[in-house]
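So the structure is just underneath, and the comments pick up after that.
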Amino acid sequence: MNKQLQLPVFLVLLTVFMPRVLSHNFSQTPGVQVQIYKQNQVDNETIYRVSKQLCWGCISESIEFLFAHNLVRAAKFELPLAWNFQLEKYARWWAGQRKGDCKLQHSFPEDDFKLGENIFWGSGSAWRPLDAVTSWASEVKYYTYATNSCEAGQMCGHYTQIVWRNTQRMGCARVVCDNGDIFMTCNYDPPGNYLGERPY
């Protein structure tokens, strides 16, 4: 039989016969003794609680954050960032802290950054990771490479952190706050935005 056909045929046979095998009552088959275990019924409340903890949308959000960041970096010929689950865990912790007030506040005290960090707040619950990254990346219009500075009265540090050449890893989180608004945060390692250094 063609090797390419073997796997689909096997899957078809498995699909057809496995339910029959599983439903067969082995306890009534001569010479076969099987102890039957009855599982406790799982109630809907337990299923709901477990589902909430799994965060079904988190994977797609992670991909969206990562893809959007790497598009911005590609425009400056910077290597793509890798997703880091420890950074994601930290970002989720901080997003959880902001869930109650949705305050646009960094997780580190001023001038004491252990990691790079970009934060975003949006009114209403429709804001997606792409919106946050687009907002941060739009600061490029305020950044002047020749002088390595931002336009007076404007911010460009979110943009420069995204494209910082030495940054290799990132992790982000998005949360719907109690008031219905959105808070998003991304952390970066190694951090960027060192005074006197250019991002690329």
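When a residue number appears, it is its place in the shown sequence, counting from 1.
Smallest separation of non-hydrogen atoms from Phe183 and Cys177: CB-SG, 3.9 Å. The nearest pair of heavy atoms linking Gly157 to Asn193 is O-ND2, 2.9 Å. Contact detail for Asp181 and Gly124: the closest heavy-atom pair is OD1-N, 2.8 Å. Between Leu87 and Asn84, the shortest heavy-atom contact is N-OD1, 2.9 Å. Of all heavy-atom pairs between Pro191 and Gly116, the closest is CB-N, 3.2 Å.
Aromatic ring centres of Tyr142 and Tyr159: separated by at least 6.0 Å.
At least one side-chain heavy atom of Gln161 sits under 4.5 Å from a side-chain heavy atom of Thr167. Counting only heavy atoms from C-beta outward, the side chains of Glu117 and Thr185 approach each other to under 4.5 Å. Considering only heavy atoms from C-beta on, Met184 stays 4.5 Å or farther from Cys172 through its side chain.
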Could you walk me through whether His69 and Trp136 pass the side-chain contact (heavy atoms from CB on, under 4.5 Å) check?
CA-CA 10 Å; His69 274 79; Trp136 298 329; 4.1 Å; yes
Check the pair Tyr145 / Tyr200 against ring-ring contact (aromatic ring centres under 6.0 Å, His included), numbers first and verdict last.
CA-CA 9 Å; Tyr145 185 81; Tyr200 45 84; 5.2 Å; yes
Go through Asp189 and Gln168 one step at a time and tell me if the side-chain contact (heavy atoms from CB on, under 4.5 Å) criterion holds.
CA-CA 6 Å; Asp189 182 61; Gln168 299 171 5; over 6 Å; no
Working for side chain to side chain donor-acceptor pair (under 3.5 Å), residues Asn166 and Tyr194
CA-CA 11 Å; Asn166 294 331; Tyr194 288 100; over 6 Å; no
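The distance from atom OG of Ser107 to atom CG of Asn187, rounded to the nearest 0.5 Å, is 5.5 Å. Considering CZ of Arg169 and CG of Leu81, their distance stands at 10.0 Å, rounded to 0.5 Å. Atom CZ in Phe65 sits 8.5 Å away from atom CZ in Arg128 (nearest 0.5 Å).
Ring planes of His106 and His158: parallel class, angle under 30° (limits at 30 and 60°).
Under the 4.5 Å side-chain heavy-atom criterion for grouping Ile, Leu, Val, Met, Phe, Trp and Tyr, Val133 is not connected to Trp164 through any hydrophobic cluster. Hydrophobic cluster membership differs between Trp127 and Ile119, with clusters built from Ile, Leu, Val, Met, Phe, Trp and Tyr side chains linked at under 4.5 angstrom. Residues Met170 and Phe120 fall within the same hydrophobic cluster, defined by Ile, Leu, Val, Met, Phe, Trp and Tyr side chains chained together at heavy-atom separations under 4.5 Å. Residues Leu115 and Leu104 share a single hydrophobic cluster, defined by chaining ILVMFWY side chains whose heavy atoms lie under 4.5 Å apart. Linking Ile, Leu, Val, Met, Phe, Trp and Tyr residues whenever their side-chain heavy atoms come within less than 4.5 Å places Val175 and Trp121 in a single cluster.
Legend: residues meeting ring-ring contact (aromatic ring centres under 6.0 Å, His included) with Tyr90, ordered by chain and number and at least two apart, are Trp93, Phe108.
Of the possible polar contacts, one joining the Arg73 side chain to the Leu79 backbone as a donor-acceptor pair under 3.5 Å is found. At least one donor-acceptor pair under 3.5 Å links the side chain of Thr134 to the backbone N or O of Leu130.
Paired with Asp101 under the rule side-chain hydrogen bond (donor to acceptor under 3.5 Å, both in side chains), one option of Lys99, Gln97, Arg98, Lys103 passes, and it is Arg98.
With respect to Arg174 and Glu61, a salt bridge is recorded, a charged nitrogen being found less than 4.0 Å from a carboxylate O.
For the 3.5 Å distance criterion, the side chains of Asn118 and Tyr188 qualify, holding a donor opposite an acceptor.
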